[in-house]
Amino acid sequence: MTTAIHWFRKGLRLHDNPALLQAAKEAQQVYPVFMLDPHFANPAKVGQLRYAFLLETLSDLDTQLKGIGSRLYVVQGNPAERFPELFREWSVSLLTFETDTEPYAKKRDQEVCKIAETCGVTVAQHASHTLHNLDRYEAKAGASPLPKSYGPFLKLFDSLGAVPQCVETVTVDIMPQDGSAVPAGEHTVPSLDTTPYPPLANPLLYPGGETAALARMQLHLARKQWIAKFEKPKTSPNSLEPSTTVLSPYLKFGCLSSRLFYHKLAEIYKASPGHAKPPVSLHGQLLWREFFYMCGHTVPHFDRMEGNPICRQVPWDSNAQLLAAWEESRTGYPFIDAIMTQLRTEGWIHHLARHAVACFLTRGDLWQSWEAGAVVFDKYLLDADWSVNTANWMWLSCSSFFYQYFRCYSPVAFGKKTDPTGAYIRKYLPQLKNYPDKYIYEPWLAPKAVQEKAGCVVGCDYPKPIVDHKQVSKDNMDRMKAAYAAQAAGSDDDAADTPKKKKPAPKRKPAVKTQGIEAAFKRAKK
DNA sequence: GGGGCTGTTGTACGT
DNA sequence: CACGTACAACAGCCC
């Protein structure tokens with residue numbers, strides 16, 4: 001008799017779950033386990049909304065497993081500490097789990113594999129979180145370096161051949177009936193009020209779980225035209241209802257298989273001549289994720305500036321007041337403050353809204369480190385995904401992948417394109433809701449009488465702008481230029497033995513400035 | 001091996 | 001107002 005533990009971490013689903021499938025097929029008794037690792041149950045690190053999302057996901061998983069004669073075993077504690085006793089108590093001989101390529105997980109899993117070996121437990125890992133096993137990119141590239149931009153990545157991706165088909169969903173016919181002696185009331189999914197988190201003020205806008213994930217995917221897939229024509233840059237960062245799919249939280253936790261979504265999209269594309277293509281299409285979005293996962297898997301110190309070989313070294317400031325003002329919606333720029341309010345209260349903001357606030361915090365206005373911004377996003381986002389979040393912060397701060405630092409989002413002009421009347425600002429910053437359209441993006445320009453009539457005086461009921469965007473964005477471009485030049489000079493020194501191309505003379509005098517001192521998606525739009 | 005070309009998920013400002 | 005253009009860069013590829 002084989003007894004297996006299937007260890008859920010990401011991959012919180014029954015469909016396209018090869019590791020769970022193996023356990024179900026090979027063992028006569030399967031314990032589906034989720035470990036509530038105290039590393040994550042930390043309100044400073046994982047926000048309340050994402051923790052609630054996780055617990056909802058676990059509840060859904062438990063319900064689904066019960067539907068096929070099994071159940072979920074939630075175990076509190078550190079995996080390396082808890083596994084030995086579980087192996088012993090349950091006489092386990094097989095441990096299955098989905099491969100995780102993030103640094104914390106790699107280290108944790110290595111440790112657990114060692115423990116399993118000591119306990120005589122066979123370990124089986126399956127890569128099913130990304131479209132391909134990430135190791136295949138390295139293997140295919142061979143001696144040549146892995147791509148650092150999207151186009152070349154696409155070529156590499158294509159060279160790997162077709163995306164693997166999904167494996168069969170684990171059903172009642174496959175899953176052994178649970179014959180364990182563990183009482184039903186033990187190892188249950190905790191409710192939020194037994195955790196370090198306060199109860200939810202409102203139900204999650206995007207409920208956790210595989211069931212919700214598949215329902216959301218199906219609702220979008222039904223809009224074939226919309227799917228086929230989808231181009232990310234043409235969607236709106238500040239619509240009142242999300243202009244994109246909001247499948248990202250489900251992909252992050254693996255409630256939805258990226259391969260399943262990929263193949264469902266391919267079916268629609270096949271029947272839609274002239275469909276959108278990467279990088280802007282929905283396939284393109286999955287490929288951005290894939291690209292960034294590959295980078296996170298292969299680049300050392302990926303989530304830091306120092307010691308990260310693909311990251312520009314920029315002398316960011318470290319100003320706790322500015323960072324807090326940005327995080328807490330006190331910059332005095334309504335577009336920025338509204339976005340940060342949506343982030344904190346709903347756990348999801350549009351991709352381009354992320355661009356706007358990330359640019360503002362880093363190279364655009366406040367000159368704070370992208371690492372500090374990434375930590376804030378990582379706390380609040382339901383879809384906080386280590387590789388994707390890190391990569392996008394480097395992108396927006398012109399630290400890697402993207403370098404056109406003179407292309408700077410305006411905290412005033414950018415939002416106006418898709419929301420000229422400021423409806424989005426009025427929703428998330430109700431103190432400004434009575435401002436005339438003319439001043440909603442720049443309330444400090446409104447005459448005093450207008451401010452009083454709107455019931456919101458700038459400097460009293462709403463902050464004055466913490467920086468003058470026109471001025472600081474110009475200054476910061478000079479600082480970026482200086483940082484790029486300094487690094488180019490530095491790398492020339494490093495490689496003094498190999499002759500290098502001379503830096504072209506700057507067209508303008510390098511400004512020697514201050515040195516180094518950052519539910520609701522039911523209907524398509526009419 | 002270097003020089004040149006292209007593409008790249010923007011904005012402000014001119015006509 | 002729509003459109004064209006310049007603006008402080010880079011990776012990857014071609015020749």
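Lettering follows sequence order; numbering is per chain, from 1. Remember, it's a predicted structure, so these values are computed and weren't measured experimentally.
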Between C:dA11 and B:dT11, how far is it from one C1' atom to the other, in whole Å?
-> 23 Å

Sorted by chain and number, sequence neighbours left out, side chain to side chain contact (heavy atoms under 4.5 Å, CB included) with A:Lys45 holds for A:His39, A:Asn42

Letter per nucleotide, 5' to 3', of nucleotides 10-15 of chain B [B base touched, S only sugar-phosphate touched, - untouched; heavy atoms, 4.0 Å] = BSS---

Could you check how far NZ of A:Lys474 sits from P of C:dC7, rounded to whole Å?
-> 13 Å

Between A:Lys277 (NZ) and B:dT9 (P), how many Å, whole number?
-> 16 Å

salt_bridge(A:Glu267, A:Lys224) N-O dist < 4.0 Å | no

Return all side-chain donor-acceptor pairs below 3.5 angstrom for residues 452-464 of chain A, not counting sequence neighbours, or 'none' if the list is empty.
from	atom 1	to	atom 2	distance (Å)
A:Asp461	OD2	A:Val457	N	2.7
A:Tyr462	OH	A:Tyr333	N	3.4
A:Tyr462	OH	A:Asp337	OD2	2.5

In plain terms, say whether A:Arg426 and A:Asp437 are close enough for a salt bridge, that is, a side-chain N and a carboxylate O under 4.0 Å apart.
-> yes

Length of the line joining A:Leu154:CG and B:dT6:C1', which is rounded to integer Å = 16 Å

Mind checking A:Arg312 for me? I need base, sugar-phosphate or nothing, with any heavy atom below 4.0 Å counting as a touch.
-> sugar-phosphate

Taking atom C1' of B:dT9 as reference, at what distance in whole Å does atom OH of A:Tyr403 sit?
-> 16 Å

Taking 4.0 angstrom as the limit, do A:Arg50 and A:Asp383 come out as a salt bridge?
-> no

Can we say A:Arg304 and A:Glu306 salt-bridge, meaning some charged N sits less than 4.0 Å from an Asp/Glu carboxylate O?
-> no

Would you say the side-chain atoms of A:Asp303 and A:Thr390 include a donor-acceptor pair closer than 3.5 Å?
-> no

Grab the NE2-C1' distance between A:His351 and B:dT9 for me, whole Å please.
-> 6 Å

Salt-bridge present (A:Glu442, A:Lys416; N to O < 4.0 Å) = yes

Of all the choices, C:dA8, B:dT9, C:dC10, which nucleotide is nearest to the side chain of A:Tyr484 once you look at every atom?
-> C:dC10

Pairing residues for A:Ala338 by the side chain to side chain contact (heavy atoms under 4.5 Å, CB included) criterion, not counting sequence neighbours | A:Tyr424, A:Ile425, A:Tyr428, A:Leu429

Sub-4.0 Å heavy-atom contacts from residues 283-292 of chain A onto DNA chain B, ordered by number | A:Gln285, A:Trp288

Given the P atoms of B:dA12 and C:dC10, what is the spacing between them in whole Å?
-> 23 Å

ring-ring contact (aromatic ring centres under 6.0 Å, His included) with A:Phe377: of A:Trp370, A:Trp386, A:Trp393, only one passes, and it is A:Trp393

Say whether A:His297 and A:Lys106, considering side chains only, have a donor N or O and an acceptor N or O under 3.5 Å apart.
-> yes

Figure out the OH/C1' separation between A:Tyr150 and C:dC10, and round it to whole Å.
-> 19 Å

Taking atom C1' in both B:dG10 and C:dG12, what distance in whole Å separates the two?
-> 22 Å

Ignoring hydrogens and angles, tell me if any N or O in the side chain of A:Asn392 forms a donor-acceptor pair with the backbone of A:Val388 under 3.5 Å.
-> yes

Counting only Watson-Crick or G-U wobble pairs whose two distances fall under 3.5 Å, which nucleotide matches C:dA8?
-> none

Pairs: protein N or O with nucleotides 12-15 of chain C N or O, under 3.5 Å:
from	atom 1	to	atom 2	distance (Å)
C:dG12	OP1	A:Lys148	N	2.5

